[in-house]
S.K.: 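Structure in structure tokens, see below.
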Protein chains: 2
Amino acid sequence: MKKKITIKEIAKILMVSVSTVSKAMNDSPEISEKTKKKVKDLAKFYGYTPNHIAVSLKNQSTFNIGVIIPDIQNPFLAEVLKNIEITAKKKGYRIITFFTDEKLKEERESLNILSNGMVEGIIVCPSEETFVEREFKHFNNIAETTPIVTFDRIHKELDFNSVSVDDDQSILKACAHFKENNLKNILFVSSIGWLSVGKTRRRTFKSYMETEKAIEGETIEEHNLDELRAKIEARITDNSLPKIEAILGADIESTLIASASISRNKIKFIDEVSLIGYVNKNHNELQYPRVSYINQFPEKVGEKAVDLLINNLKEDHKKATLEIIKTEIVTKDTSK
Amino acid sequence: MKKKITIKEIAKILMVSVSTVSKAMNDSPEISEKTKKKVKDLAKFYGYTPNHIAVSLKNQSTFNIGVIIPDIQNPFLAEVLKNIEITAKKKGYRIITFFTDEKLKEERESLNILSNGMVEGIIVCPSEETFVEREFKHFNNIAETTPIVTFDRIHKELDFNSVSVDDDQSILKACAHFKENNLKNILFVSSIGWLSVGKTRRRTFKSYMETEKAIEGETIEEHNLDELRAKIEARITDNSLPKIEAILGADIESTLIASASISRNKIKFIDEVSLIGYVNKNHNELQYPRVSYINQFPEKVGEKAVDLLINNLKEDHKKATLEIIKTEIVTKDTSK
DNA sequence: CTGAAAGCGCTTACAG
DNA sequence: CTGAAAGCGCTTACAG
């Protein structure tokens, strides 16, 4: 493997100083056009490009933004990530992405590495384990030296600029949607009861059901997807119980399972049962039936997160801003 | 924002030299236990961690691997990426990921940035535009100084270590599967005719059909997904034409659309039509019906790519190795 | 217009 | 066992 050529070697070949080469490469007005051309031509010939690590160290700035994501396989997070990248690039920043697999340990490592001079600031969706353990110190340590923006998952101890989705409103809007259509027996299904976001979604559902006396709410929560499917199918085909008129899926998996269970048992959508849930937007459009869903606007989440971080870079933040993205119910084939 | 503390400042506080602090932090045997403790305690107190950029510059090694991916929304690529990260981490490397959005320009930029000292080597899935333009020079330039491993998409001008999937065999295996089940009229559907991988899949399908006189092959290719669906539905419901007995989907989108079209028109899977295609494995398991699919083993692709790169780091490569991952047909609900 | 010098934050061969 | 010095590849204030 050839070594990359450096400014020093170019200087030697051209018999000029290192400073002259550096200035010429950076188009400094101090340097004559003639010298600039000479330097640039040789640089091109040898395929010289400045060493980024050296430039970063010297300038004490990297134009990198760190992004920490629990799981790329999650379509919502993948779409947020994509938009973080697009927005960052527009503003002249690159992103360096780490994945935590929902683990606290990996999150801590990622934060450490990124904050050691690799990036100007960090956008992070905290891992599930972080919430389970209620362990937030590592964020605060890092935040003293590196600006942090969190997204999607919030907690009162996470006192940073953050962007999240109006989760309560999403669930309430779905329930209200069912109510408007006069649906009385509503089943809440979830495979993420253990996840904090799963807990709040269930809590919101239940509290709605308590205030609405005319409507009955039931819940099925099960982490094992096969069992979840078995339980859902058992419930929707049990004629000895009140008929389920609507299902609310708390996550992509449970929504898919509910949709499949209904289809498999030849139950008719809308006529017999309605369904609203969370979906992979790209795929949902292609499926039959297309499930009515809660749109969380991942584009907006990503864009806003970058905005908050970059503003934060310029002026030290005083008070944490919390941006909340409004969601909407998108009606497709599984509900009126 | 507080500045991060440096070795120099710790040295000053402790009234020892910078070298002593550095050696103590790195547990050098040259340093007494007493001094080590003193240094480490203070380092901990001030939250000192070594500046990665400086260490990289000094050591001329970063323990970073660059990864360049056309699109994270592609479930296959996302899964490969995940496994690249897992494998790299196991071997003590971090990954820095860039996305090209299938654009040549972005690919070129990503390669430039990564090769300027940021990483030890680069794993890349070349963008579609790169193939369309037949423009591979940028790879060769970079490859002189930075080891490159390509994956998933190959081309004879891309003379690097690479891992790819046995695409021809996949299509042939699916065709053979249909043949074994005595299916005569086979429809190949694709939304990626413009993509090189789409072209080879079609070509392979067609050549199989030519050799098998007893079987009829038809193809529908259409980039616009709504139109693709319209065309597929028109064909499978047209009774004036020979009945389609099996469908082969050339990509995730066309496979989903074919499955949905069949369901929407109440055509029975297996009895009336069989379907094999490419799927998002995680979601496919939850859907009804679960589509029979071609498993490309993204785990293996990711792991192998990292292996090849890391071996390449150690000994300069002489001749490019091409690893081919064998695929398999996984039978689910849409075929025998 | 060009160059010598200092320095970004580290590591390490060498001297003591 | 500790420290002074050189250097990784750059940039830039300063001198000439």
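Each chain gets a letter, A, B and so on, in the order its sequence line appears, and its residues count up from 1.
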S.K.: Considering only side-chain heavy atoms of A:K58, which listed nucleotide, C:dG7, D:dC1, D:dA4, is closest?
M.R.: C:dG7
S.K.: Take A:T20 and B:P29, find for each the nucleotide of DNA chain D with the closest heavy atom, and name the residue whose nucleotide sits nearer the 5' end.
M.R.: B:P29
S.K.: Students often get this wrong, so: under 4.0 angstrom with heavy atoms, is A:L57 touching a base, only sugar-phosphate, or nothing?
M.R.: base
S.K.: Is any side-chain N or O of B:S22 closer than 4.0 Å to OP1 or OP2 of C:dT11?
M.R.: yes
S.K.: Tell me the interatomic distance from B:K38, atom NZ, to D:dC1, atom C1', rounded to whole angstroms.
M.R.: 12 Å
S.K.: Are side-chain N/O atoms of B:S164 and B:D152 paired as donor and acceptor at under 3.5 Å?
M.R.: no
S.K.: For a quick check of understanding: with a heavy-atom distance under 4.0 Å over all strands, which category does B:V18 fall into, base, sugar-phosphate or nothing?
M.R.: base
S.K.: CD1 of B:I53 versus C1' of C:dT11: gap in Å, rounded?
M.R.: 16 Å
S.K.: Looking only at side-chain N and O atoms, does B:S110 offer a donor or acceptor that is under 3.5 Å from a partner on B:E107?
M.R.: no
S.K.: OP1 or OP2 of C:dT11 sitting under 4.0 Å from any side-chain N/O of B:N26?
M.R.: yes
S.K.: Distance check: side-chain N/O of A:S56 vs OP1/OP2 of D:dC10, anything under 4.0 Å?
M.R.: no
S.K.: Does NZ or CZ of B:K91 lie under 6.0 Å from the centre of the six-membered ring of B:Y93, at an angle within 45° of the ring axis?
M.R.: no
S.K.: Taking N and O atoms by type only, does the side chain of A:S19 place a donor or acceptor under 3.5 Å from a partner on the base of C:dA4?
M.R.: yes
S.K.: Rounded to whole Å, please give me the gap between CD in A:E30 and P in D:dA13.
M.R.: 9 Å
S.K.: Under a 3.5 Å cutoff, is there a donor and acceptor pairing between the side chains of A:T62 and A:E120?
M.R.: yes
S.K.: Expressed as a whole number of angstroms, how long is the span from B:I7:CD1 to D:dG3:C1'?
M.R.: 14 Å
S.K.: Going by purine N1 to pyrimidine N3 plus the second Watson-Crick contact, or the G-U wobble pair, all under 3.5 Å, which nucleotide sits opposite C:dG3?
M.R.: D:dC14
S.K.: What I want to check is whether the side chains of A:S28 and A:K36 have a donor and an acceptor closer together than 3.5 Å.
M.R.: no
S.K.: What's the closest nucleotide to the side chain of B:S17 if the choices are D:dT2, D:dG3, D:dC10?
M.R.: D:dG3
S.K.: Would you say D:dT11 has OP1 or OP2 under 4.0 Å from some side-chain N or O of A:Q60?
M.R.: no
S.K.: When we call it a touch if two heavy atoms are under 4.0 Å apart, what does A:K34 touch: a base, just sugar-phosphate, or nothing?
M.R.: nothing
S.K.: Which part of the nucleic acid does A:K3 contact within heavy-atom distance under 4.0 Å: base, sugar-phosphate only, or nothing?
M.R.: sugar-phosphate
S.K.: Using a 4.0 Å heavy-atom cut-off across all strands, classify A:T35 as base, sugar-phosphate, or nothing.
M.R.: sugar-phosphate
S.K.: Calculate the interatomic distance between B:K23 atom NZ and C:dG9 atom P; express it in whole Å.
M.R.: 20 Å
S.K.: Let me know the distance between CE of B:M15 and P of D:dA4, rounded to the nearest Å.
M.R.: 13 Å
S.K.: Just how far, in rounded Å, is C1' of D:dC8 from NZ of A:K8?
M.R.: 9 Å
S.K.: Can you tell whether the side chains of A:D27 and A:K40 come within less than 4.0 Å, N to carboxylate O?
M.R.: yes
S.K.: In this structure, how many angstroms lie between the P atom of D:dT11 and the CD1 atom of A:I31, rounded?
M.R.: 12 Å
